[in-house]
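Before any comments, here is the structure.
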2 protein chains.
Amino acid sequence: MAARDLQERIKKLIVDRRLPSGAPLPTEPELMDHLGASRNSVREALKALQAMGIVEIRHGFGTYVGSMSFAPMVEGLAFRTVAGHYRGEDSLLQLLELREAMERGLVSRLAGRLPEADLAELDALASRMEREAAEGASLAETDRAFHATLYRGLDNVLLSEVLEAFWDAFHRVQRDLVDVPQDPRVTCRQHREILDAVRSGDSIRAEEAIRDHFGNIRVRLSTTGAPRPPETTGTPRPPGTTGARRPPEPHARHNERV
Amino acid sequence: MAARDLQERIKKLIVDRRLPSGAPLPTEPELMDHLGASRNSVREALKALQAMGIVEIRHGFGTYVGSMSFAPMVEGLAFRTVAGHYRGEDSLLQLLELREAMERGLVSRLAGRLPEADLAELDALASRMEREAAEGASLAETDRAFHATLYRGLDNVLLSEVLEAFWDAFHRVQRDLVDVPQDPRVTCRQHREILDAVRSGDSIRAEEAIRDHFGNIRVRLSTTGAPRPPETTGTPRPPGTTGARRPPEPHARHNERV
DNA sequence: TAGCTCAGTTGGTTAGAGCAGCTGACTCTT
DNA sequence: AAGAGTCAGCTGCTCTAACCAACTGAGCTA
């Protein structure tokens with residue numbers, strides 16, 4: 001009766017007091033008093049809120065209103081993808097398609113509308129990428145910056161963050177799961193093409209450039225083999241005990257909508 | 001040193017044992033034993049995982065591998081939007097733009113590719129919406145079903161779920177924050193137009209239909225006034241105590257990337 | 001003045017007890 | 001024998017009390 005409520009009440013407290021990101025929340029004892037719950041329950045509620053990015057906890061320092069970034073979503077998305085991958089689903093490909101769908105829909109909107117400053121920055125990033133490719137260094141960070149800079153011009157923070165979140169989730173999973181045999185030069189050329197297309201203002205061409213880029217990644221994904229299994233440790237729990245517990249049963253979803 | 005680790009280790013346990021959604025996890029005492037932590041710490045870790053949708057807890061029954069739905073993301077996204085709205089940001093509009101961007105990018109892909117069965121279902125939904133509009137009933141549920149059915153044909157569960165999550169977040173916030181004076185007949189006509197465009201296979205027209213539809217919602221949003229403030233209860237904490245706590249300071253983001 | 005130590009704040013962790021929801025088997029009634 | 005009610009024994013939930021660990025700022029020391 002209390003637990004779900006506590007989270008709700010803490011959130012209400014943040015909204016009611018108009019606390020901005022980074023503002024200090026009451027301390028645990030104060031919350032115990034204010035909410036009329038034990039320290040334990042308060043902490044569990046805070047932990048859950050922390051997992052949602054709503055609250056930020058700093059040991060020996062205090063709890064604060066979180067930056068509400070999408071870091072937790074990245075976490076959940078990445079795990080979902082990894083778990084699905086090991087179960088033989090094409091979850092990684094689906095994640096890639098999600099990114100592609102968003103970027104394709106967006107790039108046409110900013111073709112020809114990007115200010116010269118952003119274009120110059122993208123130029124610099126493309127050059128850096130080429131240099132890194134020549135040196136055999138990792139392109140990942142530059143690739144991330146390229147995509148982030150590209151969509152910054154949309155002037156929608158939420159959109160940018162969601163895109164970056166998807167990028168993060170995809171790359172984290174990709175790094176952990178598959179060894180991608182990539183040709184850096186192709187990647188560089190495709191980024192150049194995206195940039196050129198956007199600069200020229202040709203939205204059709206820009207969309208095609210994005211499609212080619214993702215098509216390339218897609219091919220790399222599909223060429224790598226089946227999931228590589230991790231070691232299976234631990235003993236599976238013996239299912240034959242009495243009591244309240246009902247074994248396996250892929251239980252019906254609880255997504256009751258009100 | 002333990003807490004962050006515990007979550008990680010529980011996740012590893014799920015992956016290593018290949019537990020599918022709905023599979024039972026070890027009980028709290030078993031986890032205490034397996035992880036070498038106290039009950040409290042285990043519970044806090046589980047609460048965090050629950051908030052991320054990775055784990056599902058049923059009182060008096062057991063803990064299970066979660067459905068990994070986007071319900072938690074909806075929660076976080078909705079809260080972020082509400083908080084931003086009350087701080088005077090146009091967070092709700094940004095959320096709407098996010099939905100529009102995705103749907104615009106996707107609808108062109110399925111123009112002309114939808115099987116007749118799906119088109120028939122969409123027809124039925126559009127009719128239902130018209131009936132509801134005539135009766136003065138709420139269109140929300142039918143609207144949700146329409147959009148969900150539309151993108152089901154993409155055969156990408158992740159994509160569908162993300163879209164539905166965005167829809168849910170948007171409507172929950174809209175319902176809580178603003179009173180939208182909507183003309184149901186316009187909404188119905190626009191859905192018909194989307195359906196017709198998709199059926200005809202004209203992807204340009206489909207994209208325009210989506211843009212019109214969202215443009216309509218956008219107008220409705222902007223006509224409503226400023227944020228309606230909630231009551232401000234409770235006393236702001238006195239900042240002048242000594243000790244470890246540092247007052248306000250919009251702290252620097254901790255998004256250190258590794 | 002520069003540096004250190006220490007007190008007092010913060011959250012982190014552990015332990016033990018009892019409460020609450022659920023199931024399956026047992027018992028009593030019909 | 002069939003049905004309903006009860007109870008034991010699982011499950012997770014909440015509370016209390018104590019101690020540990022991170023951090024800051026004031027005051028002491030050199």
Side-chain angles (χ1 to χ4, degrees), chain A residues 1-10 19 22-51 54-66 237-249 251-252 254, chain B residues 1-10 19 22-51 54-66 237-249 251-252 254:
Chain A
M1 214 242 275
R4 202 82 211 175
D5 235 38
L6 281 186
Q7 296 181 31
E8 229 45 55
R9 289 209 279 160
I10 295 176
L19 299 179
L25 253 58
T27 69
E28 289 182 357
E30 285 169 340
L31 280 176
M32 287 171 58
D33 190 55
H34 179 49
L35 302 174
S38 81
R39 179 142 180 238
N40 228 317
S41 304
V42 169
R43 280 184 56 76
E44 283 181 11
L46 285 176
K47 276 283 181 181
L49 291 177
Q50 181 188 39
I54 292 177
V55 142
E56 185 174 330
I57 306 178
R58 287 189 262 177
H59 188 174
F61 206 70
T63 71
Y64 298 82
V65 178
R237 190 161 49 78
T241 58
T242 66
R245 208 178 182 75
R246 180 170 45 184
E249 176 235 357
H251 69 277
H254 300 229
Chain B
M1 212 241 275
R4 202 81 210 176
D5 236 38
L6 282 186
Q7 295 181 32
E8 235 36 65
R9 289 210 278 159
I10 294 176
L19 299 179
L25 252 58
T27 68
E28 288 181 356
E30 284 169 341
L31 280 176
M32 287 170 58
D33 190 55
H34 178 48
L35 302 174
S38 81
R39 181 119 187 249
N40 228 318
S41 303
V42 169
R43 280 185 56 75
E44 284 181 10
L46 285 175
K47 277 282 181 181
L49 292 177
Q50 182 188 38
I54 293 178
V55 142
E56 185 176 329
I57 306 178
R58 289 190 261 175
H59 187 174
F61 208 69
T63 71
Y64 298 81
V65 178
R237 191 163 43 81
T241 57
T242 66
R245 206 179 182 75
R246 179 171 46 183
E249 174 233 359
H251 70 279
H254 300 229

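Quick caveat: nothing in here was measured; it's all calculated off a predicted structure.
- Atom CD in E30(B) sits about 11 Å away from atom C1' in dC10(D), given to the nearest Å.
- Note: CZ (F61(A)) to C1' (dG25(D)) measures 12 Å, nearest angstrom.
- In this entry the distance linking CZ of R58(A) with C1' of dT9(C) reads 15 Å, nearest Å.
- The nearest whole Å value for the distance from the CG atom in N40(B) to the P atom in dT14(D) is 12 Å.
- Summarising the geometry, the separation between CD on E56(B) and P on dC13(D) is reported as 12 Å, rounded to the nearest angstrom.
- Whole-Å rounding puts the L31(B) CG to dT14(C) P distance at 14 Å.
- Set against dG11(C), dG12(D), dA15(C), the side chain of E28(B) has dG12(D) as its closest nucleotide.
- Partner of P26(A) under the side chain to side chain contact (heavy atoms under 4.5 Å, CB included) criterion, out of L31(A), T63(A), I10(A): L31(A) alone.
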With the criterion being N/O to N/O and under 3.5 Å, what pairs connect the protein with nucleotides 17-20 of chain C, and how long is each?
{"residue": "dA20(C)", "atom": "N3", "partner": "H59(B)", "partner atom": "NE2", "Å": "3.2"}

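- Atom CD1 of I57(A) is separated from atom P of dC23(D) by 15 Å (rounded to the nearest Å).
- Nearest nucleotide to the T63(A) side chain, out of dG12(D), dC15(D), dG11(C): dG11(C).
- Taking CG from L49(B) and CD1 from I57(B), the interatomic distance works out to 8.5 Å, rounded to the nearest 0.5 Å.
- Closest to the S41(B) side chain, of the nucleotides dT13(C), dT14(D), dA15(C), is dT13(C).
- A 4.5 Å side-chain heavy-atom check between R43(B) and E44(A) finds at least one atom pair inside the cut-off.
- Distance, L35(B) CG to dT13(C) P: 13 Å, rounded to whole Å.
- Counting only heavy atoms from C-beta on, S38(B) has its side chain closest to dA15(C) among dG12(C), dG12(D), dA15(C).
- A distance of 6.5 Å separates CD in Q7(A) from NZ in K47(B), rounded to the nearest 0.5 Å.
- With contacts defined as side-chain heavy-atom distances shorter than 4.5 Å, the pair M32(A)/H34(A) does not qualify.
- Between V55(B) and L25(B), the shortest heavy-atom distance links the atoms CG2-CD2, 3.6 Å.
- The side-chain heavy atoms of E28(A) and E30(A), taken from C-beta on, include no pair separated by under 4.5 Å.
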